[in-house]
K.L.:
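Dropping a structure here in structure tokens format, bear with me for questions.
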Amino acid sequence: MEIRSVGIVGAGQMGNGIAHVFALAGYEVLMNDISQESLDKALAVISKNLDRQISRGKISEEDKSEALGRIRTTLTLADLGKTDLVIEAATERETVKQAIFEDLVPHLLPHTILTSNTSSISITRLASRTDRPEKFMGFHFMNPVPVMQLVELIRGIATDEPTYKTLLAVVEKLGKTAASAEDFPAFIVNRILMPMINEAVYTLYEGVGSVKSIDSSMKLGANHPMGPLELADFIGLDTCLAIMNVLHDGLADTKYRPCPLLTKYVEAGWLGRKTKRGFYDYRGEEPVPTR
């Protein structure tokens, strides 16, 4: 089937980025969140990011105007049921995602495809809470969505071939690259990335190096564009911890045990950039390491 309209659950960092790229590619977008303030903030972020693309010569003022004209917002989750494709981009907690899909199901059109932008949770398990596991997939965009090229496509045990091919065509229309991943905890990118970040936190926890020395070592010694602790702050330490817990629980291997220091930062509410403190303090003009 051809996808023309897209419903997005969640207007946060991932949700507004997904809305941005879909609207720019010509899709009609309906974005949902639980507060009007979140939706208004998301539209402002999208506008700012489109301006950044204009300044770099990637799009025109007309492209921006048309993209913003394709984005509508709603506080009513049921409104998304009339779209061809729904992308859930809510917080990385399985109970929250399950509740969203259960609330959506009674309002869906027969042909609507359901997807989750989850970075680690079982697609098969999420799909089982819906009336259409054959039309359910993992649709994992990378952050920041307008910049990153990769999209992970994850089939659950019941996902059919037409659904996979439809989403593959969508990725191509977005101008991005698809990677197919099996439905195992954290899929491909985070199966590799999160243990590296967790090990960097252990390196800090054990006093092997400071925040600055760890990040500088990986940037200058491994040619990474961001250090692992800086990247963790960018992703959100709560998200990193959630993914490590999924890996630890799902694979029952002690090598995926979350570092106690990561848990302590999350318990303190120091979640990274979004709370202004994490492994760096962002409240001043320049980020300052917190350890």
Side-chain angles (χ1 to χ4, degrees), residues 1-12 14-23 25-36 38-39 42-43 70-141 145 151-174 178 180-181 183 187:
M1 63 170 287
E2 184 180 356
I3 302 296
R4 294 185 176 89
S5 58
V6 181
I8 299 170
V9 184
M14 294 306 297
N16 72 58
I18 294 168
H20 174 140
V21 297
F22 270 89
Y27 293 95
E28 295 297 323
V29 175
L30 182 59
M31 185 166 51
N32 162 263
D33 207 291
I34 58 175
S35 76
Q36 189 60 49
S38 296
L39 292 170
L43 290 173
R70 295 188 189 104
I71 301 174
R72 295 180 296 118
T73 63
T74 180
L75 294 172
T76 305
L77 184 64
D79 290 346
L80 273 58
K82 304 302 181 186
T83 59
D84 299 323
L85 168 66
V86 173
I87 304 170
E88 171 274 313
T91 187
E92 192 69 359
R93 289 204 296 270
E94 187 167 350
T95 54
V96 173
K97 294 179 185 296
Q98 287 174 344
I100 287 168
F101 288 122
E102 288 172 357
D103 288 347
L104 260 176
V105 162
H107 308 284
L108 297 175
L109 296 171
H111 68 266
T112 299
I113 292 174
L114 286 177
T115 66
S116 176
N117 185 59
T118 179
S119 50
S120 60
I121 297 168
S122 167
I123 299 304
T124 298
R125 201 160 59 236
L126 290 175
S128 71
R129 305 298 286 265
T130 76
D131 65 343
R132 59 195 68 203
E134 73 285 351
K135 293 184 181 297
F136 194 108
M137 277 193 69
F139 206 24
H140 182 213
F141 289 81
V145 181
V151 182
E152 283 183 318
L153 295 182
I154 307 102
R155 281 181 272 203
I157 195 170
T159 307
D160 63 24
E161 190 66 14
T163 298
Y164 172 76
K165 287 183 175 178
T166 296
L167 291 188
L168 189 61
V170 168
V171 173
E172 291 173 357
K173 186 174 177 180
L174 294 176
S180 295
D183 187 19
F187 318 128

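Count residues from 1 along the sequence. On a predicted model such as this, the values are computed, not experimentally measured, just so you know.
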K.L.:
If you compare all heavy atoms of Ile154 against all heavy atoms of His140, which two are closest, and at what distance to 0.1 Å?
P.N.:
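Closest pair (atom of Ile154, atom of His140, distance): CD1-CB, 4.1 Å.
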K.L.:
In the structure I gave you, are the side-chain heavy atoms of Leu126 and Gln98 within less than 4.5 Å of one another anywhere?
P.N.:
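SC-SC contact between Leu126 and Gln98 confirmed.
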K.L.:
Among all residues two or more places apart in sequence or in another chain, which pass the side chain to side chain donor-acceptor pair (under 3.5 Å) test with Ser128?
P.N.:
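Testing Ser128 for side chain to side chain donor-acceptor pair (under 3.5 Å), a comparison that skips the adjacent residues, returns none.
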K.L.:
Return the OG to CZ distance between Ser122 and Phe187, rounded to the nearest 0.5 Å.
P.N.:
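The distance works out to 7.5 Å.
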K.L.:
My understanding is that only residues two or more places apart in sequence, or in another chain, count here; which of them pass side chain to side chain donor-acceptor pair (under 3.5 Å) with Thr159?
P.N.:
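With sequence neighbours excluded, Thr159 shows a side chain to side chain donor-acceptor pair (under 3.5 Å) to no residue whatsoever.
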K.L.:
So how far is it from Glu88 CD to Phe101 CZ, rounded to the nearest 0.5 Å?
P.N.:
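These two atoms lie 4.5 Å from each other.
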K.L.:
Checking side chain to side chain contact (heavy atoms under 4.5 Å, CB included) between Thr73 and each of Val29, Leu39, Asp79, which is the one that passes?
P.N.:
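Exactly one candidate clears the test, Leu39.
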K.L.:
Ala25: what forms a side chain to side chain contact (heavy atoms under 4.5 Å, CB included) with it, not counting sequence neighbours?
P.N.:
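Scan of Ala25 (side chain to side chain contact (heavy atoms under 4.5 Å, CB included), adjacent residues dropped) gives Tyr27, Leu174.
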K.L.:
Do you know the tightest heavy-atom contact between Met1 and Ile113?
P.N.:
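Scanning both residues, the minimum pair turns out to be SD-CD1, 4.4 Å.
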K.L.:
Got a sec: does the NZ of Lys82 have more than 12 other heavy atoms crowding it under 6.0 Å?
P.N.:
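No, the 6.0 Å shell around NZ holds no more than 12 heavy atoms from other groups.
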K.L.:
Is there a side-chain contact between Val145 and His20, using heavy atoms and a 4.5 Å cut-off?
P.N.:
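A side-chain contact is absent here, since even the closest heavy-atom pair is not under 4.5 Å.
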K.L.:
Starting at CG of Leu114, measure out to NZ of Lys135 and round the result to the nearest 0.5 Å.
P.N.:
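Answer for the CG-NZ pair, Leu114 versus Lys135, is 10.0 Å.
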K.L.:
Got a sec, which residues hit side chain to side chain contact (heavy atoms under 4.5 Å, CB included) with Glu28, two or more places apart in sequence or on another chain?
P.N.:
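Result, side chain to side chain contact (heavy atoms under 4.5 Å, CB included) vs Glu28: Ser5, Arg70.
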K.L.:
Say you draw a straight line from CD1 of Ile3 to CG of Leu167; how long is it, rounded to the nearest 0.5 Å?
P.N.:
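Rounded to the nearest 0.5 Å, the CD1-CG separation comes to 7.0 Å.
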K.L.:
Any side-chain heavy-atom pair from Arg155 and Leu153 closer than 4.5 angstrom?
P.N.:
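They are not in side-chain contact.
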K.L.:
As a quick check of understanding, evaluate side chain to side chain contact (heavy atoms under 4.5 Å, CB included) for Ile87 and Phe22, giving each step before the final call.
P.N.:
CA-CA 11 Å; Ile87 304 170; Phe22 270 89; 3.6 Å; yes
K.L.:
State, to 0.1 Å, how close Pro133 and Thr130 come at their nearest heavy-atom pair, and which atoms those are.
P.N.:
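Shortest heavy-atom contact: N-OG1, 3.7 Å.
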K.L.:
Counting N and O atoms only, with roles assigned by atom type, does the side chain of Asp33 sit under 3.5 Å from a partner on the main chain of Ser38, one being a donor and the other an acceptor?
P.N.:
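Between the backbone of Ser38 and the side chain of Asp33 there is no qualifying donor-acceptor contact (under 3.5 Å).
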K.L.:
Under the side chain to side chain donor-acceptor pair (under 3.5 Å) test, which residues partner Ser180, sequence neighbours left out?
P.N.:
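Per chain and number, Ser180 pairs via side chain to side chain donor-acceptor pair (under 3.5 Å) with Tyr164.
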K.L.:
Are any non-hydrogen side-chain atoms of Asp84 and His111 less than 4.5 angstrom apart?
P.N.:
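Asp84 reaches His111 side chain to side chain.
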K.L.:
Could you give the distance from CD (Glu2) to CG (Leu85), rounded to the nearest 0.5 Å?
P.N.:
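The CG atom of Leu85 is 12.5 Å from CD of Glu2, to the nearest 0.5 Å.
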K.L.:
By side chain to side chain contact (heavy atoms under 4.5 Å, CB included), which residues pair with Thr112, not counting sequence neighbours?
P.N.:
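With neighbours one apart ignored, the set is Val86, Leu108, Leu109, Arg132.
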K.L.:
Do the non-hydrogen side-chain atoms of Thr163 and Phe136 ever get within less than 4.5 Å of each other?
P.N.:
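When only atoms from C-beta onward are counted, Phe136 and Thr163 do not touch, as no gap falls below 4.5 Å.
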K.L.:
Looking at every heavy atom in both Ala89 and Ile18, which two are closest together, and how far apart are they?
P.N.:
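It is CB-CD1, 4.3 Å.
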K.L.:
Report yes if the side chains of Met31 and Leu43 come closer than 4.5 Å at any heavy-atom pair, otherwise no.
P.N.:
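A side-chain contact under 4.5 Å exists here.
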K.L.:
Is there a side chain to side chain contact (heavy atoms under 4.5 Å, CB included) between Thr74 and Asn32 once you walk through the steps?
P.N.:
CA-CA 5 Å; Thr74 180; Asn32 162 263; 4.1 Å; yes
K.L.:
Would a 4.5 Å heavy-atom cut-off, applied to side chains only, mark Glu92 and Lys97 as touching?
P.N.:
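Yes; the side chains approach each other to less than 4.5 Å.
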K.L.:
For side chain to side chain contact (heavy atoms under 4.5 Å, CB included), just list the numbers for Ile100 and Leu77, CA-CA rounded to whole Å, side-chain angles, deciding distance to a tenth of an Å, and then say yes or no.
P.N.:
CA-CA 8 Å; Ile100 287 168; Leu77 184 64; 4.3 Å; yes
K.L.:
Assess whether atom CD1 of Ile157 is packed by more than 12 heavy atoms of other residues, nucleotides or ligands within 6.0 Å.
P.N.:
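No.
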K.L.:
Could you measure the distance from the CG atom of Asp183 to the OG1 atom of Thr124? Nearest 0.5 Å is fine.
P.N.:
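It comes to 4.0 Å.
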K.L.:
For Ala11 and Ala42, work out which heavy atoms get closest and say how close.
P.N.:
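Scanning both residues completely, I find the closest heavy atoms to be O-CB, 3.4 Å.
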